[in-house]
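Just below is one structure, and these are the notes that go with it.
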Amino acid sequence: MLKKITVLMTVFVFLFAGSAIAATPKSGGTLIFGRGGDSVGLDMAYETDGNSFMIGDNIFEQLMAYKDESTALEPGLAESWKIAPDGKTYTFQLRKGVKFHDGTPFNADAVVFSIGRMMKERNVKFHGKGWKIPAQERTPEYWVSMEMDDTVGSIEATGEYTVVFKLKRVEAPFLANMGMDFASIISPTAFLKNPKEFVRKPVGTGPFKFVKWVRDDQIILEKNKNYWAKSGGPYLDKVVFRSIPENSVRFLELKTGNIHICQFPNPADIDLAKKDPNLILPTQPGMNIGYLSFNHTKEPWKSNLDLRKAVAHAINRKAIVDNLYKGMGQVAKNPIPPTMWGYNTNVPGFKYDPDLAKTLLAKAGFPEGKGLGEITLWSMPVPRPYNPDGLKIGVAMAADLKKIGIRARIVSYDWGTYLKRQREQPDDMDLFQLGWTGDNGDPDNFLAVLFDGLASSSIRTQWKNEEYHKLMQQGKQTIDQAKRTEIYKKALQLIYDDCSVISVAHSTVIWPAHKSVKNFKLHPTSSVRIKNVWLDK
Amino acid sequence: MLVFIFRRILILIPTLLGVSIIIFLMLRITPGDPAELLLGERATEEALHEIREHLGLNEPLYVQYGKFIKRLMKGDLGETIWSRQKVWIEVKERFPATIELSVAALFISCFFGIIFGIISATRPYSIFDYLSMLGALIGVSMPIFWLGLVFMLIFSVNLGWLPLSGRLSVGIDLEVITNFYLLDAVLTKNWAALKDAIWHLIMPAITLSTIPMAIVARMTRSSMLEVLRQDYIKTAKAKGLSQFMVTFKHALRNALIPVVTTIGLQFGVALGGAILTETIFAWPGVGKWMFDAVMKRDYMVIQGGTLFIAAVFVVINLVVDVLYAVINPRINV
């Protein structure tokens, strides 16, 4: 008996040791990442799409970085930073000994060049000789849509490794913005060699170097052997991003072992992946929200709270998530994802209750929908990261509304027209579906951008609430995160109490991978980080 | 002959001008705005305005068209809206892939289509005839999307004979000179790459060939049937020529004229319409590229790409006309 136990224990010790050895990262190998489309361009200042950003995530770095699986900030190319008491001056101390892939040393002037080139008025100062920044050939879309020209006043390199940003206004999300893809630091010498070609031949400081791009087919990166961080990756020799447009073919490629990671599989294939012993399922709740909102510029939606609440209680969001998100999502209570700081757990969310909805509808002055007429429910024509099928979800919502007596007609346009007309808040729009994918993990990037109708006529919901507007301004101008958390919790309560929007769901991202892929973690910002990934053959 | 060719090339100019006007206007009438699609949910009025300004979309239509034509005169198709690349370079990168696929598909469809057509025509209403015409019917009606996936499941997933998708396996290095991978592999004497490229080509080419094959087979059959009834065929037979000689030397040559026309048209269709095959097999050609451009309203890509394809179409038609004369010297071009 004792002998048996000893043998068993020995086996266990070996097994344990074995798994410990297996957990030590191995260097080498080529990882093949299967994705749905090609990158548009590789100069992050000008890109807007995920397929471009995922390449940039591995070639470039920013002053700030997001931690693994979270949007909490950590030092990136800036080692440390100081914010002046007035909240308008940011001084970054940069890492020393970092080099771009082309050998150009990374320093404060490179930061001034990289960020300065996006400014409309180039209010910049180099420490050394610096460079002449060429005129913009097109609009840096993110810089403009994040209103950075209204935020950044000047950028100055005050030392070889010190750079000072002077802001025009207090902007709490500024640090988080400096971690976004558009704020990537590029090699000025590589850019100036041929400014028009940089978009196809990017040079950064990141863990992988750009090698080759075969349009619509593949992008090849190789290990940056001189990467500055001495701990951790890069472990892989090469990474190949293959474009395989058809979801089911991409999944077949994964199953047959031709690719290692399959982005955006069909929901039906997730079950197959679960049953396959060779596959693993990296999962991450997406930093997004799919919502249904009201035309707040017209009656009766504008001022009839009971009517809005009736709609909210009539819609069976759980059934939508179960059947149309196919389980790849969770019912939303707040319009920001639960993983984000500032999330208000005290908000109960609208429960599905057709009886309560009927009562509320009667109270609103439209018993059994009488007097309301046929309303329109605008539904998106294309799948979005936060909503797999706007039209089907629209149909489900209309059926739910019918149960309480509201007749709703589905309206849709091509995507460009939908976005344009929706922003104009036309009279023929009653309810509309839309959503948002977060950029920087800051609640301001959801709550101000989506719901503060008093801030701008471009805000999609045009909900106008003085108290909310004040909270948003306070949120932007408060640097202390604990205080900001409280502000955003209050704002979320306001949104719920006034039923300004019906938060439908947050989608979940599941990208099946081969079991030999180790340490691959999905990120809430949807960035694809290969630095610490290794292959166990 | 030379005068004819020269005249036909001259006709290209008004043809392309017409195409350019139609495409230009159609794009502007179609709802949707590239700036709006570039920014998506985060579009603000200011950002939209700036982008439109940069892209020149705020200018009146005639100014936009004038600029487009002016560039075109210099042989410049413009720059794409999304990828900020010369349209011509993007065409050059993708067109060889499409040509490679289309030519392979056309080769398969001509070879089998003509053989099936001949068999049917020489043995009308026999079991061969019914079988090959049934095959043709199935070929025409088979959805390419479904067929492609079925091929993949059988030949790649289950049997493991052929690669699933793409043009070349990851890890195979090929020095790209012309972007025609088969040609490049031969030029650089890279036999491993040549084999790999052929392997990748087989399944998409067969998938793309089904519809033209069926059309060619039916066309050959009806045209052959008509020719076989002619007096000179009877004469040839009476002279004691073998069945083979009669069919291939006398009948086929005369029956080929409408078939060649069909093949020319099918080639044109394959060039612009291989979208589905290219999508399923992740084949980086022009079909998928143009389709994406339509979805993203990349005006420059659509304008430039369509013009280019139109030009190629005209040239193919010219080649077909010249071929008539080669096949049948009585036709004077």
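- Looking at B/Q85, both its backbone and its side chain come within 4.5 Å of chain A, counting heavy atoms on both sides.
- Scanning all heavy atoms of the two residues, the minimum distance from B/A43 to A/R423 falls at CB-NH1, 3.8 Å.
- Side-chain atoms of A/T48 never come within 3.5 Å of backbone atoms of B/L39 as a donor-acceptor pair (strictly under, hydrogens ignored).
- Put simply, the side chain of A/R460 gets close to the backbone of B/E41: a donor and an acceptor are under 3.5 Å apart.
- In summary, A/E246 and B/K288 do not engage in a salt bridge, as defined by a charged side-chain N under 4.0 Å from a carboxylate O.
- Side chain of A/R242 to main chain of B/A282: no donor-acceptor pair is present (N/O by atom type, distance under 3.5 Å, no hydrogens or angles).
- Looking only at atom types and distance, the side chain of B/S165 has a donor-acceptor partner in the side chain of A/E253 under 3.5 Å away.
- Between the CG atom in B/D173 and the CD1 atom in A/I220 there is a gap of 7.0 Å [rounded to 0.5 Å].
- The part of A/W436 that comes within reach of chain B is its side chain, from C-beta onward, which places non-hydrogen atoms under 4.5 angstrom from that chain.
- Considering only heavy atoms from C-beta on, A/E141 stays 4.5 Å or farther from B/E50 through its side chain.
- Classification of B/R297 and A/D414 as a salt-bridged pair holds, one side-chain N sitting under 4.0 Å from a carboxylate O.
- Under 3.5 Å, the side chains of B/E36 and A/Y418 contain no donor-acceptor pair of N or O atoms.
- Residue contact with chain A, scored on non-hydrogen atoms closer than 4.5 Å, involves the side chain of B/E93 exclusively.
- Using a 4.5 Å cut-off between heavy atoms, A/Y142 contacts chain B through its side chain alone, with no backbone atom that close.
- For chain B, no part of A/R250 is nearby; none of its heavy atoms comes within less than 4.5 Å.
- For B/F281, no part lies near chain A; criterion is any non-hydrogen pair under 4.5 Å.
- Residue A/S248 touches chain B through its side chain alone, counting heavy-atom pairs closer than 4.5 Å.
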